[in-house]
Amino acid sequence: MSALLMVAACLWAGHGVAGKLVTGGWAPPGASSVKADALLSERFHGGVPDLLLLTRTAGSVDAPEARETGRRLVERLCADRKVSGVTAYWTGPVVGLRARGFVPQRLPDVRDPMLRSGDGHDALIAVRLNGDARHAAVDRLVPAVTGRHGPLQVTASGAALVVKELQQQSQRDLHVSELIAVPTMLVLLVWAFGGIGAACLPLAVGGVAIVGTLAVLRAVSEITEVSVYALNVTSAVGLALAVDYSLFLVARYREERATGLAHVEAIERAMESAGRTVVVASGAVVLSLAGLLVFPLSFLRSLAYAGIPVVVLSAVASLVLVPAGLSCFGGRFAGHTRRGLRRIGGTGEGWRRLTVAVMRHRTVAAVGAALVLTALALPFRQASFALGDERVLPGTAPVIQAMSQLRTAFPQSDHTEVDVILPRWVPAANAAGPARLDAYARHLSTLPGAASVRTSTGVYTDGERLQGQSPPIDRRYLSPAGTWLAVYGPTEPFGPASVRLASAVRHARAPTRPLVAGPPARLLDVRHAVAARLPWAIGVVVAATLLVLLLFTGSLFLAVKALVMNALSMTATFGAMVWIFQDGHLRSVLGDFTVTGGTDLFTPIMVFCLAFGLSLDYEVLLLARVMEAHRRTGETTTAVAAGLRAAAPLFTTSALVVGAVLLSLAASDITTIKVMGVTIALSVAVDALIVRPVLAPAVMALAGEANWWSPMARRGGTPAPGRPRTSAEPVVAQGAVITAPGGNLPKQSSCAPRQDDCMDADVDR
């Protein structure tokens, strides 16, 4: 009842959270590109427009009827209070008219050849919107101005329309993935847990965690900027950890019941052991996610705003709801003992054989697994980090088709624009000003990758001015705020050539310190911001993980080993991501997506946030089982084997459920979502099938008693992790009774009750 009341309160508190979240947060505040963009938009009404209207006519755009229709379109756009400026072929720039409280009686009569196609059938209208409520303006303006207007056929594209299409396509993809993921998850949970009641536990835990986190995000959004991608992190992490934590607790309850414990005692033992595992795993993930808070980008900080509360609430909800459900409904709620986890985990025989093989050939297993992970990680060396653009949308999207038509009619529009603002510097301020601007523009036009430069003194290419010696002054590039130069470069806005051009522009000698805007300049600022804070973020993750695991295990080796294993798993996953999506392999299998030759800079960070928690959960679970066995037997080899046999059915079950749900995202038409789903599912598979069952036990077997070394360890007797074994404790490893976590008591073998001794004998042989 308390949980229901809390959910109701959180639903009320988190209502409307989606409307409070933003789509930006990609650039660090105060960066040069951010300042330049603001000046360019407010004082020069230039830069990348929000909307681009392509007008096409069968005749000439200079025909009287086409010209008059185009001017009426400009008047209609300028009359909208959300339009801050319009630049059209027939009028030139018309800026801030309605925003300044008046509409001119007569529009300028200017013909800008840059906005007219070579054959004369097409003309461009660039529209810039006010900073607030742009999406609402797009929803209102685009239907009103597109379509047939007299002799003109108008189609729309542009940055604002791309964002709108991304939001709509994301919602469509979410519905499709839900239709695939929800039934799949329910079927797998019922199969895994062996009962409908138990299968509802992770759904209840995940629901509480997600709804509670939405309320937290609603409160945080009142204080600071929160990215809309926080919702994706909330749902994905909430469901994944709910499956993990519920699985650990229910499985441990079943194991205790299988040993003959009473119902209440089994719940208490499950909370003492598996509950501690949940607390440690969630604590480590929370402290690690705190590393995202050191970045100055609100997008990355938003991942922490969502990730930290959803992890905490997942742990708390599982520790409250799972024992409550078991207490109220007993074994019937946990599923039948002859069905459930053993369907996936097996009776233990398969894991016993794998364990024997790994332990017997520990060197080969360790080297082989390391080589596989290294091979997967190698493509990551070739990663070319960029930022996402319209190519993440499917080619059938209307805005993509409109942009394709635009590039066909205006090939020059495909060039990347790097904008340079010389703040508070105008050529007319002194006699040498025009000459200095002319020399600066000539120099910029000679930089590698520069196609042309446009400014108030003319158009430049290859160090020469194209409009003669005394061109008319182009006033659009001048403002009391300074002087604007537009440098046109390569076609790939985030490609290496464009980035090199932006860097060269920033370092070129200028009349005053320049501010540089444009896509490649923004990428440079983001890279610099991430690189400057990355060592601090890594330090937080490493220190937090080591501290929690050191306190949990008491062993420095086990803590370091866990961190190294997670690093190997993450790196291998990133390498596979580059090979699949940046290089374009498996494109026919995963559905058509645009291969850009680059990797979104933020995608590895998002993948890390989602996959790191699952990887750490599996590691903590394995270590907990190994330490339990070591406290009973004092033998490292026996403890590792018994721990793997106990933990493997659980993390493979979790990997199957979570991986199947994540793979449903592969059906998305947005490349970014497809990358995240496939990459995280691959990370879970690599971790559950290579790292934990093969590499981790092989390394621990090779380390032997060094596993338990700690500066705090006592000399002699039982090593530091766990309490010493007493004479009252049985020597039989728990692996003898938990090989079938959801099934009956295992059959007695000829080795019982010293089954661990038989394991040692198998390994030694």
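These values consider heavy atoms only, across backbone and side chains, with no hydrogens, waters or symmetry-generated copies. Bear in mind that the values here come from a model prediction, so they are computed numbers and not experimental data.
Here Glu225 pairs with Val22, Ser298 under the side-chain contact (heavy atoms from CB on, under 4.5 Å) rule; sequence neighbours left out. Residues passing the ring-ring contact (aromatic ring centres under 6.0 Å, His included) test with Phe574 are Phe380, sequence neighbours excluded. The ring-ring contact (aromatic ring centres under 6.0 Å, His included) check on Phe299 picks up Trp26, Tyr229, Phe602, with sequence neighbours excluded. Residues meeting the side-chain contact (heavy atoms from CB on, under 4.5 Å) test with Gln153, sequence neighbours left out: Arg148.
Between Leu141 and Leu77, the shortest heavy-atom distance links the atoms CD2-CD2, 4.1 Å. Here the closest non-hydrogen pair linking Pro151 and Thr57 is O-OG1, 3.3 Å. Between Pro427 and Leu437 the shortest heavy-atom distance is CG-CD2, 3.5 Å. When all heavy atoms are compared, the tightest approach of Val294 to Gly291 is CG2-O, 3.0 Å. Smallest separation of non-hydrogen atoms from Leu303 and Ile605: CD1-CG2, 4.4 Å. Pairing each heavy atom of Thr461 with each of Ala451, the nearest pair is OG1-O, 3.0 Å.
Applying the side chain to side chain donor-acceptor pair (under 3.5 Å) rule to pairs touching residues 527-536 yields nothing, sequence neighbours excluded. Residue pairs satisfying the side chain to side chain donor-acceptor pair (under 3.5 Å) criterion with at least one member in residues 508-525, sequence neighbours excluded, are listed as follows: Ser33-Asp525, Arg506-Asp525.
Salt bridge annotation for Arg67-Asp62: absent, with no cationic side-chain nitrogen under 4.0 angstrom from a carboxylate oxygen. Salt-bridge formation is not detected for the pair Lys82/Asp80: no Lys NZ or Arg NE/NH1/NH2 atom is positioned less than 4.0 Å from an Asp or Glu carboxylate oxygen. With salt bridges taken as basic N to acidic carboxylate O contacts below 4.0 Å, none links Arg454 and Glu417. Comment: Arg116 does not engage Asp122 in a salt bridge, judged by the lack of any side-chain N to carboxylate O separation of less than 4.0 angstrom.
For the atom pair Trp90 CH2 and Arg72 CZ, the distance stands at 11.0 Å (nearest 0.5 Å). Atom-to-atom distance recorded for Trp484:CH2 and Phe44:CZ is 8.0 Å, nearest 0.5 angstrom. The line from CG of Leu534 to CD1 of Ile538 is 4.0 Å long, rounded to the nearest 0.5 Å. With rounding to the nearest 0.5 Å, the separation of CD1 in Ile673 from OG1 in Thr671 is 9.5 Å.
Side-chain contact of Tyr305 with Arg301: a donor-acceptor pair under 3.5 Å is present, judged by distance alone. In this model, no donor atom of one side chain and acceptor atom of the other lie less than 3.5 Å apart for Ser498 and Glu492.
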Q. Should Val127 and Asp50 be marked as a side-chain contact (heavy atoms from CB on, under 4.5 Å) after you check the CA-CA gap, both sets of side-chain angles, and the distance that decides it?
A. CA-CA 6 Å; Val127 183; Asp50 296 288; over 6 Å; no

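More than 12 heavy atoms of other residues, nucleotides or ligands sit less than 6.0 Å from atom CZ of Arg111.
Taking the six-membered ring for Trp and the full ring otherwise, Phe593 and Phe581 have centroids separated by under 6.0 Å.
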